[in-house]
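If you read the sequence from its start, that first residue is 1, and numbering goes on from there. Keep in mind that the numbers below use all heavy atoms, side chains included, and drop hydrogens, waters and symmetry copies.
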Amino acid sequence: MKPLFAHFCVTGFDRDVFLYVGDPAGLKRVRHQRFNKTLLPSREDLERPDCAALCLSNKCGSSLIFARETPTDATLVHECVHAAAFLHEDLGVKESSPFEGLCYLVENIFAALQPALAKRRAAEARAKKKGKSK
């Protein structure tokens, strides 16, 4: 299946969260005007056997959520929390109401990226069904 690439721009902060699902070699071929190659996972990141997905950030305050296989919604939410925390840290956000801003940010990142994963899951299910019917 071809890689999935989705993008969420954090409005008003000039920061981005990217989602990439697929072979890590394909990340080098991503063509998006806001995708910064400093977000590419290191060999060490890619060789972690216990890792279903990971979230990386760069000095520009943007993040990449990466997974080889389509992650579950729970895994995507987990990685969205990392992305939101990286963004808050980069912006120096201090909250008076514990984690309220972080929770809204996670909600927005997840809401932006989840439809792309839902489409991919549907395509995977169709491909699997088609393969079984042969």
Below 4.5 Å, heavy atoms only, C-beta onward: do Ser63 and Leu87 meet side chain to side chain? no
Hey, quick one: are Leu46 and Val30 part of the same hydrophobic cluster, counting side-chain heavy atoms closer than 4.5 Å, chains of contacts allowed? yes
For residues Leu19 and Phe86: do they belong to one hydrophobic cluster (side chain heavy atoms under 4.5 Å, members Ile, Leu, Val, Met, Phe, Trp, Tyr)? no
Can you name the closest pair of heavy atoms from Ala25 and Arg29 and give their distance? O-NH1, 3.6 Å
Is Leu4 reachable from Ile65 through a run of hydrophobic residues whose side-chain heavy atoms are each under 4.5 Å from the next? yes
With sequence neighbours left out, write down each residue that passes side-chain hydrogen bond (donor to acceptor under 3.5 Å, both in side chains) with Asp23, or none if nothing qualifies. none
Tell me which pairs pass ring pair (Phe, Tyr, Trp, His ring centres under 6.0 Å) where either residue lies in residues 35-63, with sequence neighbours left out. Phe5-Phe35, Phe18-Phe35
Thr72: partners by side-chain hydrogen bond (donor to acceptor under 3.5 Å, both in side chains), with sequence neighbours left out: Thr75
Would you give me the side-chain donor-acceptor pairs under 3.5 Å for residues 77-85, sequence neighbours excluded?
| from | atom 1 | to | atom 2 | distance (Å) |
| --- | --- | --- | --- | --- |
| His78 | NE2 | His82 | NE2 | 3.1 |
| Glu79 | OE1 | Cys55 | N | 3.1 |

Pro3 meets the side-chain contact (heavy atoms from CB on, under 4.5 Å) criterion, sequence neighbours left out, with Tyr20
Could you list the donor-acceptor pairs under 3.5 angstrom formed between side-chain atoms of residues 8-17 and any protein atom two or more places apart in sequence or on another chain?
| from | atom 1 | to | atom 2 | distance (Å) |
| --- | --- | --- | --- | --- |
| Asp14 | OD1 | Arg34 | NH1 | 3.1 |
| Asp14 | OD1 | Arg34 | NH2 | 2.7 |
| Arg15 | NE | Cys60 | O | 3.3 |
| Arg15 | NE | Asp90 | OD2 | 2.7 |
| Arg15 | NH1 | Phe13 | O | 2.6 |
| Arg15 | NH2 | Asp90 | OD2 | 2.7 |
| Asp16 | OD1 | His7 | NE2 | 2.5 |
| Asp16 | OD1 | Arg34 | NE | 2.9 |
| Asp16 | OD2 | Arg34 | NE | 3.0 |
| Asp16 | OD2 | Arg34 | NH2 | 2.9 |

Without placing hydrogens or testing angles, list every side-chain donor-acceptor pair under 3.5 Å for residues 110-124, not counting sequence neighbours.
| from | atom 1 | to | atom 2 | distance (Å) |
| --- | --- | --- | --- | --- |
| Arg120 | NE | Thr70 | OG1 | 2.8 |
| Arg120 | NE | Glu124 | OE2 | 3.4 |
| Arg120 | NH1 | Lys2 | O | 2.8 |
| Arg121 | NH1 | Asp73 | OD1 | 3.2 |
| Arg121 | NH2 | Pro71 | O | 2.5 |
| Arg121 | NH2 | Asp73 | OD1 | 3.3 |
| Glu124 | OE1 | Thr70 | OG1 | 3.2 |
| Glu124 | OE2 | Thr70 | OG1 | 2.5 |

Does NZ in Lys94 sit with more than 12 non-hydrogen atoms of other residues, nucleotides or ligands closer than 6.0 Å? no
Where do Ser62 and Leu39 come nearest, in terms of heavy atoms and distance? O-CD2, 3.6 Å
Keeping to residues at least two apart or across chains, list the ring pair (Phe, Tyr, Trp, His ring centres under 6.0 Å) pairs with something in residues 37-76. none
Just jot down the side-chain contact (heavy atoms from CB on, under 4.5 Å) partners of Lys59, sequence neighbours excluded, or say none. none
Sorted by chain and number, sequence neighbours left out, side-chain contact (heavy atoms from CB on, under 4.5 Å) with Glu100 holds for Glu95, Ser97, Tyr104
